[in-house]
Number of protein chains: 4
Amino acid sequence: MISMQRTDLAVELREELDTQEMIPGVHVSTKINRDNDMKETRIVIDSKQGADRLGKPMGTYITIESEELRCSDEDYHEPMSESLFRHLREMLGSKRRILIAGLGNRAVTPDALGPLVVDNLYVTRHLIKEQILRCSYEISAVSPGVMAQTGMETQEILLGVIREVKPEVLVVIDALAAGNSNRLNKTIQLADTGIAPGSGVGNHRKAITEETMGVKVIAVGVPTVISVPAIVDDAMDVMLEAFGRNGTRQAMESFTEKERYQLACEMVEPYLANMFVTPKNIDEAIKRISFTISEAINRLQRSYN
Amino acid sequence: MISMQRTDLAVELREELDTQEMIPGVHVSTKINRDNDMKETRIVIDSKQGADRLGKPMGTYITIESEELRCSDEDYHEPMSESLFRHLREMLGSKRRILIAGLGNRAVTPDALGPLVVDNLYVTRHLIKEQILRCSYEISAVSPGVMAQTGMETQEILLGVIREVKPEVLVVIDALAAGNSNRLNKTIQLADTGIAPGSGVGNHRKAITEETMGVKVIAVGVPTVISVPAIVDDAMDVMLEAFGRNGTRQAMESFTEKERYQLACEMVEPYLANMFVTPKNIDEAIKRISFTISEAINRLQRSYN
Amino acid sequence: MISMQRTDLAVELREELDTQEMIPGVHVSTKINRDNDMKETRIVIDSKQGADRLGKPMGTYITIESEELRCSDEDYHEPMSESLFRHLREMLGSKRRILIAGLGNRAVTPDALGPLVVDNLYVTRHLIKEQILRCSYEISAVSPGVMAQTGMETQEILLGVIREVKPEVLVVIDALAAGNSNRLNKTIQLADTGIAPGSGVGNHRKAITEETMGVKVIAVGVPTVISVPAIVDDAMDVMLEAFGRNGTRQAMESFTEKERYQLACEMVEPYLANMFVTPKNIDEAIKRISFTISEAINRLQRSYN
Amino acid sequence: MISMQRTDLAVELREELDTQEMIPGVHVSTKINRDNDMKETRIVIDSKQGADRLGKPMGTYITIESEELRCSDEDYHEPMSESLFRHLREMLGSKRRILIAGLGNRAVTPDALGPLVVDNLYVTRHLIKEQILRCSYEISAVSPGVMAQTGMETQEILLGVIREVKPEVLVVIDALAAGNSNRLNKTIQLADTGIAPGSGVGNHRKAITEETMGVKVIAVGVPTVISVPAIVDDAMDVMLEAFGRNGTRQAMESFTEKERYQLACEMVEPYLANMFVTPKNIDEAIKRISFTISEAINRLQRSYN
């Protein structure tokens, strides 16, 4: 479900704070693998203070980035898939019965990430129940659609399915918004917090978290769109730079990131607020990344007996 | 969900009984409209004896047939859509909160009927809840997928959604099997019994009925496939005819319809039992008929106020 | 094929000239139908001077606009479809053998307009050739795909097909870019000039015109995206307004529309230049409008004997 | 394009001849790899006599079979993809400029093989032309659709594209019919003869061969359907067996394979002749096999510099 946040990425929120000093309750560690050009960032928020400062709920956010995810050669996805698999397995802990939910609208290309991942999953719950198969993980999967198609909140559908099927953990796959085109379609964010939209601008979809769902919720997301205000905000920077230091620029510089985004939202006409920005080759990007994620999940089945 | 019944059509089961005499507990009435070449058959089964004889649960089965549903000119669908709308409105009675479930596999053309109908529905539940709209019916919709994709029984998903969303009635849209190619893709069956697979040959998906779902269930179905045994059974007739009256033919003629179908099932190798027969232009047929059905349901919204 | 023009709409280019005075060689006439809230604008460019001024080749551009095309109720499409049918029939003149080409990428929602129109066409060429049907128009259709999928220019494929199949006229259906969100998904432009991208910014796809194709080319287009620079350009207006009359604003106001667009292009980072802006409900819009257009073309077949 | 042949597989035609003796002009060699459970059969027809006897044009037919192609674990496709790649590279010889054509109807699941292969190809022609890339093979690709969608013969479209784009070789990917369910969805046939439908029963699509296309044509096919008469034919065997040796059976046994197929065709009603038989899980099979084939072709690009 395409959100209208400035960014859904914890790693971008941290960068925007524009400070080298430590933020209490926010712990960042980074690992770069020179072999495969992959960067993993782990952000742990362990206090309410840290959560407020970053605008994200307490929990662990792992970002896997690779220049190569944009590339079309499949060999490059292998390390990304492997990394996601390892982090996912760690987050799952001892939980074995997993419901995967592919959120978003199958008919809108950049929002189809979740449904496409589900299409390529190797589900096993029915085979295990019928004793056809023995597996380390019992996987079921659903693509609930979006409210304009179903008339129901995604939460209502998921809650109903969870109460009936009783998984131990819900893994939601979703397209995200990034504030910056650099991370578009080449970053995977894994969070043990579920999806808990901030109190900020944009659409107020209800949370999909352990609190609302009754089971642990892990969120896997990829930024596939940029919001229109984020684009305008970026353009303002360039423009102000272009016109030199004058009153306008000084006025702008006194604003916080949040205030500027608010201003950018006001600048674009109301109709634009329901628009998104996405690259022309989004079809190839979505196909490739959804495959990287489904492979990571399918690997769980083969991970041990 | 493509069943492996000889036929899912009550009207074919009645015809196969091959008798003009009245069957106790089975009431048939037929209406032919010469203007638009449409034939409506209403079969009411009102005793257990009738249900056993016909192999279908007690209830009302309405069959709308038209030579023209095969035709590509949209003007011809108008009367069929109108007829389905009227019968559906009558079956719904005073119930207003409807959940539509598009059963079947979106990725297999003749089984995609249900999901395609849902894709074209005008859902209103969320708009009514948010007081954006006032409507005569509150429509929500879901395409639950099939077990090979979800690892869950369709019943589990629907039951979960129903308990959460609490509709007054469930309308399931599904592709059916016909015993005969004459009715393929040009017949709509409407039944107030839900889906209750017989005890016969074939797949034993669990029932989707008022008993299992907790709300009234109306089933709308279109025969889009023929089962392989039904084809073989038909071919046997022609073959026996061709070879004249001899021992083989006499042996065959002593069989009941059910015994013959059983024999045909045994004749085809086990692998074939999971196959179906469908016409080469099934894509056009499915697109057209799904539109006829979605139009009938969308018409409910405009039916009064 | 999503272009990176500021706008592909002649009617917007005319408006941007921001003048009430007559432009030599550019003739504009407008008709508003109060009954169905539909507005038709005919722009005829009949001199090279007019073509240069407007930045569009000489020819006739008909724009059909309706507030209602955004609405989901099918009844509202009827007048739009009827209007497009009439104008198309007029442009076709005595030509009877038509090749329809649905340009664009089926896998990217706002670019799928052309392929979706083709999917719903009632093609007749083969039926007429086999003497199964007598029709007033002989329709064939093709969705050539985009270069990233085929490795070929759209022009190469179309030219090859035209030389083999020898239609009298090529009708190309394509998604367009608008400069303004007001016309998005609710305007149809019909032009007898084919597609001849300006010398401006953006992608330099080669022309699809009578000159390059060897047969008359009619273009039917719907704006489904806004380019990123157009959005930024609009935002600049609002921003300058917001900060009052100062040096920056005065500098901006001395620019022509073209210079400002160039500036906006420079403001957005290179990667953004390959992005587009589209509404979240683009799937519904594209489905509806493609149906409106395919209906208009299918109506040709029924227009007389 | 789903044909109505009894079988499109040379290997089945050879088996049906039901003889151990050598057939003049037909040379068969078989290689079984115990490691990966893969069987390769090479049939070379090098005389007109052999071609007549087998009912296939002169040329080389390579069949790659694997029990494992039905299996969902991707690891098993690796050897099949590798084998297809090697045989394809050998058949291509020194030819470098390849046009891939994905025949068939994207909207009918078992016929979508060709278009799905094309969707996953890494095309390079435009990148090489623009000097962005250096590659060993220059690949372009097209999915021409079927006559019911385009109004044009597939041959007309391909011929037009070939004359414009001038490849050295055309590789057509197509869904085939098998006479027997054993090879369905787990066999790939590679032939250097192109597609040249026999003079037999069924649809008479025109040939796609070097003679008609002007360039060498290689055909890659997978049996995804069984024709209805083939099913009936098989069922007759079982039935005759069941009823013991009598006049009917003796009559049947005096028939040739071809005569029996003709009889089976006559047995099924005319409407059934346009039907096909396919397994319920055809969506998974098609997705998997199309990926195996596209991988084999993509491997060409990486095969040497």
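Throughout, protein chains are lettered first and strands after them, A, B, ... in sequence-line order, and every chain is numbered starting at 1.
- Proximity to chain B involves both the backbone and the side chain of A:Leu159, based on heavy atoms less than 4.5 angstrom apart.
- No option in B:Arg163, B:Lys129, B:Arg125 other than B:Arg125 meets the salt bridge (Lys or Arg N to Asp or Glu O under 4.0 Å) test with A:Glu156.
- Residue A:Asp119 holds its CG atom at 7.0 Å from CD of B:Gln149, rounded to the nearest 0.5 Å.
- Other residues, nucleotides and ligands contribute over 12 non-hydrogen atoms within 6.0 Å of the CD atom of A:Glu130.
- No other option in A:Glu138, A:His126, A:Arg106 has as many heavy-atom pairs under 4.5 Å with chain B as A:His126.
- Taking 4.5 Å as the limit, every side-chain heavy atom of A:Met152 sits out of range of all side-chain heavy atoms of B:Glu164.
- With rounding to the nearest 0.5 Å, the separation of CG in B:Leu99 from OG1 in A:Thr150 is 9.5 Å.
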